[in-house]
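So the structure is just underneath, and the comments pick up after that.
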Amino acid sequence: MTLGSLNPTWLGAYISLAILICFDRLRSSVSFLYFGILIILSAFLVLTQSRTSMGAILGSLIFCLLIFSARDLVRSIKTLRLQTVNFKWVFFVGVALIVLVGLVLVIGTENLGLMRLNSLMSGDLKAMTAGRNLLFFEYLQMPSDPLLGWGYGMTPYQYCEYYACDSHRMPHNNYLLIFKELGVIGSAVYLFFSVHIIFKAIFWRSRRSFLVSLISVYLFIIGFGNDTIGYKYYWIGVLLYFIIYIGGRYEYHNSNTRLSR
């Protein structure tokens with residue numbers, strides 16, 4: 001059973017972006033409305049059975065929760081004002097995580113037809129990764145120019161040359177795809193910009209810092225389970241990141257302009 005006719009990862013990614021926005025709203029203010037929306041979206045995410053999206057959103061939330069909690073604690077120690085640590089959103093994030101994991105464990109049963117989620121508990125690596133572990137190994141065995149790769153967009157043709165032309169012509173791993181197509185140089189450039197925007201978001205002094213951090217970390221993690229650079233949801237996430245960032249910079253500039261008058 002899946003929710004909708006879209007690819008589960010695509011649908012899960014769109015739902016995940018909405019969940020991240022709800023988390024940010026809860027950080028800003030305690031709202032039972034957003035908390036309720038968060039629970040509903042989490043249930044929809046489980047119904048998509050997108051293991052990649054669920055893993056990415058849990059990873060991004062846990063990472064940002066730890067980083068921002070530590071950052072707030074350090075700032076409070078430096079200013080000797082412990083009350084500046086915003087613990088209320090930590091509570092809501094923790095509760096939401098428990099609810100999300102609980103949904104997976106409680107309704108992810110064979111009786112409800114959520115077979116993809118059941119595979120996570122099977123202990124079979126092939127079933128848990130939907131055969132992607134074997135696909136990764138196949139791509140690692142394929143020869144390519146380590147410096148420049150075999151060229152952008154050449155992956156399906158290269159796979160057909162060395163293996164069979166079937167539905168698994170893409171590696172389902174963004175970083176492996178970029179390494180094979182663009183080599184070490186392309187991979188280094190891509191990783192530099194990906195990590196740069198994460199650090200830029202984390203250390204950005206803005207109330208929007210948490211949201212753009214969540215989005216950037218989510219887009220980074222989900223790349224380990226899909227060829228994200230070739231899908232619309234990835235670029236929508238990137239566009240959302242820059243819209244929020246540019247809007248925040250514009251808001252900061254206007255506030256400084258008013259104070260200087």
Side-chain angles (χ1 to χ4, degrees), residues 2-20 41-42 44-64 100 104 108 114-120 124-142 144 149-150 152-160 163 165-182 186-187 189-191 193-195 197-198 214-241:
T2 57
L3 183 66
S5 58
L6 283 175
N7 179 292
T9 301
W10 303 349
L11 185 56
Y14 291 126
I15 294 174
S16 296
L17 290 174
I19 288 175
L20 296 181
L41 289 174
S42 299
F44 285 162
L45 179 60
V46 171
L47 290 177
T48 67
Q49 302 187 72
S50 174
R51 293 161 293 187
T52 303
S53 297
M54 284 189 284
I57 196 170
L58 285 173
S60 61
L61 287 170
I62 292 172
F63 177 83
C64 290
L100 182 58
V104 173
L114 301 180
M115 303 302 295
R116 293 192 183 96
L117 297 183
N118 290 331
S119 66
L120 294 176
D124 182 356
L125 184 59
K126 181 179 179 180
M128 293 171 65
T129 62
R132 293 180 183 180
N133 61 315
L134 302 178
L135 193 58
F136 297 162
F137 183 71
E138 288 181 350
Y139 270 91
L140 290 174
Q141 288 185 312
M142 295 169 62
S144 63
W150 53 46
Y152 179 75
M154 293 299 295
T155 297
Y157 307 102
Q158 292 292 328
Y159 189 86
C160 284
Y163 300 104
C165 293
D166 56 22
S167 60
H168 298 293
R169 290 181 292 175
M170 303 301 285
H172 292 283
N173 184 298
N174 206 42
Y175 306 100
L176 181 56
L177 173 67
I178 293 173
F179 173 71
K180 284 297 182 179
E181 291 194 349
L182 303 178
S187 298
V189 172
Y190 181 79
L191 285 173
F193 281 107
S194 297
V195 174
I197 65 172
I198 291 175
L214 281 174
I215 294 173
S216 58
V217 174
Y218 174 81
L219 294 176
F220 182 82
I221 295 176
I222 200 173
F224 287 98
N226 216 330
D227 319 298
T228 51
I229 199 169
Y231 292 116
K232 291 180 182 178
Y233 67 79
Y234 175 81
W235 295 107
I236 290 175
V238 172
L239 179 62
L240 183 62
Y241 173 96

Going from [atom1] on [X] to [atom2] on [Y], what distance comes out if it is rounded to the nearest 0.5 angstrom?
X: L17; Y: Y218; atom1: CG; atom2: OH; value: 6.0 Å
X: M142; Y: L176; atom1: CE; atom2: CG; value: 9.5 Å
X: N226; Y: W10; atom1: CG; atom2: CH2; value: 9.0 Å
X: I178; Y: I229; atom1: CD1; atom2: CD1; value: 4.5 Å
X: L45; Y: L41; atom1: CG; atom2: CG; value: 8.5 Å
X: Y241; Y: L214; atom1: OH; atom2: CG; value: 12.0 Å

Aromatic rings Y231 and Y233: how do their planes relate, parallel, tilted or perpendicular, breaks at 30° and 60°?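 Correct class here is parallel.
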Regarding Y234 and N174, do their side chains bring together a donor and an acceptor under 3.5 Å, going by distance alone?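 No donor-acceptor contact under 3.5 Å links the two side chains.
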Give me the atom names and distance for the closest heavy-atom approach of S53 to I222.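 Nearest pair, atom of S53 first, then I222: OG-CD1, 4.1 Å.
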Considering all heavy atoms, the nearest L20-S60 contact: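 Smallest heavy-atom distance, with atoms named: CD2-OG, 4.2 Å.
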Starting from the C-alpha separation in whole Å, work towards a yes-or-no answer on ring pair (Phe, Tyr, Trp, His ring centres under 6.0 Å) for Y190 and F179. CA-CA 10 Å; Y190 181 79; F179 173 71; over 10 Å; no
V189: what forms a side chain to side chain contact (heavy atoms under 4.5 Å, CB included) with it, not counting sequence neighbours?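 Here the qualifying residues are F193.
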Less than 4.5 Å apart, side chain to side chain, heavy atoms only: is that true for [X] and [Y]?
X: L191; Y: Y175; result: yes
X: I236; Y: Y14; result: yes
X: T155; Y: L177; result: yes

